[in-house]
2 protein chains.
Amino acid sequence: MTSDQSRPGLRDRKKRQTRAALSAAALRLVAERGLDQVTVEEISEAADVSARTFFNYFPSKDEALLGDQPTEREVLAARIVAAPPELSAFDALRLAFDDVVEAIEADREVWLLRLRVIAANPSLLPRLISGNAETEQVIVAAVAARLGLDPCHGHPTLVTTVAGAVFRTALMQWVEQPGTTTLRELTAGAFAAVSAGLPDPYAAT
Amino acid sequence: MTSDQSRPGLRDRKKRQTRAALSAAALRLVAERGLDQVTVEEISEAADVSARTFFNYFPSKDEALLGDQPTEREVLAARIVAAPPELSAFDALRLAFDDVVEAIEADREVWLLRLRVIAANPSLLPRLISGNAETEQVIVAAVAARLGLDPCHGHPTLVTTVAGAVFRTALMQWVEQPGTTTLRELTAGAFAAVSAGLPDPYAAT
DNA sequence: AGCGATCTTGCAGGCAGTGCAAACTTTTAG
DNA sequence: CTAAAAGTTTGCACTGCCTGCAAGATCGCT
């Protein structure tokens, strides 16, 4: 009875809340004290659940800090195959990352905190965005499909890992800037530099 | 008295031996069973030392599998600053990695095993060669010095991370090939692709 | 042989992460 | 409304990584 308009159901709402609370508590505490000065127990306590429950939501302490990678992954892959066919695979990736940029700027505060945490705890950096092995495989498969190549061909892997490195670099630059530049500009600049073959700045003919 | 020709001394020789034995045992066991089916205790037992001693040599189980990164790091940095000044930073890195290629081909068997282990346990991949945060900082500093830029400028970081991604990709391709290609060729091809701006294969004008 | 420096080892302990089973809560069905 | 079903939280026990500390073994030098 009562209001039945909540399509997700009470159960799902609670799960979302708990997940968000754990993630937020993890970010806040690690930002304050550093990654290995915070225990899972403390994070769980701050989110009012048991430590065991933490591991029902995240397979490791790190994952609670890195955002929702499965979602990002699907969005990215979909955008890669949907990109205009006249674009090169690298340009398709560049375009796909534009949407990630948009998503990040929509959650600006959370992402700035997350990136500050990652910058302060570099062991997290490689697993950001496309660093996860599963995520990378999905992207590589999408690129390979787009090019009509075997995934065993080296090019899809090369393009994917390079684009991931470019984007990660742009993110790290963004968070180190006082706010003088937008993430969009930094990403565009980094991708453009790679497209130009990475000439030295000002030294190109 | 007696033979004094051994400059390293007995002690250093033993240390080298122990380190090598631990590394070899780790590689062999993890290749056979997988990363998390091998305990540090088992590795230490296979090398005839205590588990506690393992951690006197390597700060983590992973490090025993990844080779001697501090050495690689210094070699790379030295080669970057020593590269002909007319080369772009990216080409200097390409050249520097040529020496790493040479070192790897000199230890071909060990490196093939190591790369097979890394391919089978992808959590190790990001920390290979320049994935370590410390290593990357050293390389970025060398590149920045070469360009006469602040390390806070984004370009050194971009070039370094991209080159690292390129080289890691080449390594992974190499180990997946039956042996049809040399690492040198794969590396050269991957760097050339990036220098050309990552066009699609065969689709470039 | 003996002294100092270095290396190895055992021990105690903290923390991450997993499996299992009991308690609890929401959903569904009668 | 009630009771079963399905899903969630929690405690407990356990393995394994990793660290600090102090005692003992080994090596290099005189």
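For clarity, every value in this text was computed on a predicted model and none was experimentally measured. Residue numbers begin at 1 in each chain, while the letters A, B, ... track the order of the sequences.
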Whole Å only: how far is the [atom1] atom of [X] from the [atom2] atom of [N]?
| X | N | atom1 | atom2 | result |
| --- | --- | --- | --- | --- |
| B/Phe54 | D/dT19 | CZ | C1' | 14 Å |
| A/Leu35 | D/dC18 | CG | C1' | 15 Å |
| A/Phe58 | D/dT9 | CZ | P | 12 Å |
| A/Glu45 | D/dT10 | CD | P | 12 Å |
| A/Arg13 | C/dT25 | CZ | P | 17 Å |
| A/Leu22 | C/dA16 | CG | P | 14 Å |
| B/Glu41 | D/dT15 | CD | C1' | 11 Å |
| A/Phe55 | D/dC12 | CZ | C1' | 15 Å |

*Could you encode protein contacts along nucleotides 4-11 of chain C as a string, one character per nucleotide from 5' to 3', using B for base contact, S for sugar-phosphate-only contact and - for no contact, with a heavy-atom cut-off of under 4.0 Å?*
-BBSBBBB

Are the side chains of [X] and [Y] in touch, meaning some heavy atoms are under 4.5 Å apart?
| X | Y | result |
| --- | --- | --- |
| B/Arg28 | B/Glu32 | yes |
| B/Arg168 | B/Ser130 | yes |
| B/Ser50 | B/Glu41 | no |

*When the ring centroid of B/Phe167 is compared with that of B/Phe191, is the distance short of 6.0 Å?*
no

*State, to 0.1 Å, how close A/Leu186 and A/Gln177 come at their nearest heavy-atom pair, and which atoms those are.*
CD1-CG, 4.4 Å

*Any luck finding a side-chain donor-acceptor pair between B/Arg94 and B/Ser195 under 3.5 Å?*
yes

